[in-house]
Trainee: 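Provided herewith is a single structure, encoded as structure tokens, for subsequent inquiry.
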Amino acid sequence: MIEIKNVTKKFDGFVAVDSIDLDINNGDFIGLLGPNGAGKTTLIKMLTALLKPTKGKIYIEGKEVGRNNNQVKRKIGVVPQHMNLEKELTAYENLVFAAKLFKLRKKDYKLKVEELIDFMELEDYRNKLSQELSGGIQRRLMIAKALINNPSIIFLDEPTVGIDINARRKIWDILKTMNKNGITILLTTHYIEEAETLCDRVCFMDKGTIFKDDSPSNLKNELGKYTVEYFTEESMTMYRYFQNRKSAIEFANTLDDKEFSIRELTLEDVFYNYTNRKVI
Ligand SMILES: Nc1ncnc2c1ncn2[C@@H]1O[C@H](COP(=O)(O)OP(=O)(O)OP(=O)(O)O)[C@@H](O)[C@H]1O
Ligand SMILES: [Mg+2]
């Protein structure tokens, strides 16, 4: 269980995270969605003791998160937004290096490294320098690295940014399996489809605050089931949301000769409706 209690982070006078309260339960798969600068990375850095809150406290399993709290750090794994691999080491050596940072004994980590190479399907890349791997494989290696100490919670900051759709779906499968195996997952993403597919809980974040926190289906149902998307004479795209197809069609029929489409409502519609801007 993770408890975030009234957490604020200021950089000089600027408030990056603003009085956030959030409880995350064991086994949750939770997505933080928000535009650039919303405060997602700052929140993750506080959750992983890389930054200290200006105000408020964070507890993991009842213990306060802090730089010197190794008991807490042993429970968590982190996949940061930016590459954290040793470029001059091979994939295999990167995992061994990570194990040594956690002071794992050789007889314990040898098996773990093999297990991770197998689970992340990294066998073909084990002897390649990490700088020579593609972005998608590097991400998989970063996730493997975050799992080296058998964490019960993992934080991933935009785990699939800039990688192709096949590599992304591979990572989705891995994350789903990890969550099924009991690992609590919090990820940030700009890809709303990613949150919709993976997460059982989604938090919308903007300007340092979380303004919505619910399951994807509840968030969508609040707004409707169908979206009519149409173009005005001024070439503006407009959206209207309906609870059933019949009323969507009735509305579309009133649009005269305007171009329109009717489709199922997505989580992206919900975010757009709240913020009036696309996430990416
Ligand atoms: N070390 C810092 N010093 C000053 N300002 C900072 C620092 N770190 C972050 N900020 C500011 O805090 C705000 C939140 O940044 P953060 O990186 O948490 O956003 P984010 O939601 O992760 O955005 P992105 O989607 O672009 O990764 C931004 O306005 C950023 O410029
Ligand atoms: Mg970020």
Side-chain angles (χ1 to χ4, degrees), residues 2-22 24 28-58 60 65-67 76-85 135-136 138-143 145-146 153-164 167-168 171-172 175 184-199 201-214 216 219 266-268 270-280:
I2 304 168
E3 296 159 279
I4 301 172
K5 301 275 184 212
N6 197 25
V7 163
T8 293
K9 181 69 192 179
K10 289 187 191 166
F11 294 111
D12 298 321
F14 177 76
V15 184
V17 168
D18 191 0
S19 320
I20 285 190
D21 278 299
L22 187 70
I24 300 168
D28 272 359
F29 197 143
I30 181 162
L32 270 185
L33 275 176
N36 294 126
K40 305 178 299 292
T41 297
T42 305
L43 185 59
I44 287 207
K45 284 186 175 167
M46 290 190 284
L47 284 162
T48 55
L50 287 172
L51 279 177
K52 194 175 170 345
T54 310
K55 207 178 77 194
K57 298 229 184 298
I58 300 174
I60 292 183
V65 175
R67 246 177 223 283
I76 62 179
V78 193
V79 179
Q81 187 165 358
H82 300 291
M83 233 263 279
N84 67 341
L85 301 169
Q138 284 181 350
R139 285 277 156 186
R140 257 151 62 187
L141 183 55
M142 284 167 69
I143 298 173
K145 186 176 160 177
I153 302 162
I154 182 158
F155 300 103
L156 303 109
D157 200 353
E158 299 188 30
T160 64
V161 76
I163 64 177
D164 75 46
R168 174 174 302 155
I171 288 179
W172 288 0
L175 295 179
T184 305
I185 302 182
L186 181 145
L187 60 76
T188 76
T189 182
H190 286 264
Y191 303 113
I192 301 198
E193 190 202 351
E194 181 161 292
E196 193 168 355
T197 310
L198 293 176
C199 299
R201 227 176 121 187
V202 166
C203 294
F204 286 161
M205 193 167 176
D206 198 14
K207 300 188 181 78
T209 62
I210 290 173
F211 63 92
K212 272 277 165 189
D213 171 7
D214 213 332
L219 287 166
T266 65
L267 200 56
E268 183 153 332
V270 184
F271 191 91
Y272 185 75
N273 184 54
Y274 281 117
T275 60
N276 238 334
R277 55 197 166 125
K278 297 262 180 191
V279 173
I280 297 174

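It should be emphasised that the depicted structure is a prediction, and the values quoted were computed from it without experimental measurement. Just follow the structure's listing: the first ligand is 1, and inside any ligand the first atom is 1.
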Trainee: Relative to each other, are the rings of Phe211 and Phe204 parallel, tilted or perpendicular (30° and 60° limits)?
Mentor: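 Taking Phe204 first and then Phe211, their aromatic rings sit tilted (interplane angle of 30° to 60°).
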Trainee: How about Ile171 and Ile163: do any of their side-chain heavy atoms sit closer than 4.5 Å?
Mentor: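 Ile171 vs Ile163: side chains touch.
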Trainee: Once you round to the nearest 0.5 Å, how far does CG of Leu85 lie from CG of Leu141?
Mentor: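 One gets 4.5 Å once the value is rounded to the nearest 0.5 Å.
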Trainee: Check Pro53 against Lys9 and note the closest heavy-atom contact, atom names and distance.
Mentor: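 Minimum heavy-atom separation between Pro53 and Lys9: CA-CD, 4.4 Å.
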Trainee: Between Phe155 and Thr188, is any pair of side-chain heavy atoms under 4.5 Å apart?
Mentor: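 With C-beta onward as the side chain, the pair stays apart.
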Trainee: Check whether any side-chain N or O of Lys212 sits under 3.5 Å from a backbone N or O of Tyr274 as a donor-acceptor pair, and report yes or no.
Mentor: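 No.
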Trainee: Distance below 2.8 Å from the Mg ion (ligand 2): how many protein N/O/S atoms qualify?
Mentor: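 Considering protein N, O and S only, the Mg ion (ligand 2) has 2 within range.
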Trainee: Taking Lys40 for the side chain and Pro35 for the main chain, is one N or O donor matched with an acceptor at less than 3.5 Å?
Mentor: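 Yes: the side chain of Lys40 pairs with the backbone of Pro35.
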Trainee: Return the minimal non-hydrogen interatomic distance between Thr48 and Ile76, and the atom names on each side.
Mentor: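 Looking at all heavy atoms of both residues, the closest pair is CA-CD1, 3.9 Å.
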Trainee: If we ignore hydrogens and angles and just use 3.5 Å, is the side chain of Thr42 paired with the main-chain N or O of Ala16 as donor and acceptor?
Mentor: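 Not a single qualifying donor-acceptor pair exists.
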Trainee: Around ligand 1, what residues show up once you keep those with a heavy atom under 4.0 Å from it?
Mentor: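 Contacting ligand 1 under 4.0 Å are Phe11, Phe14, Ala16, Pro35, Asn36, Gly37, Ala38, Gly39, Lys40, Thr41, Thr42, Gln81, Glu158, His190.
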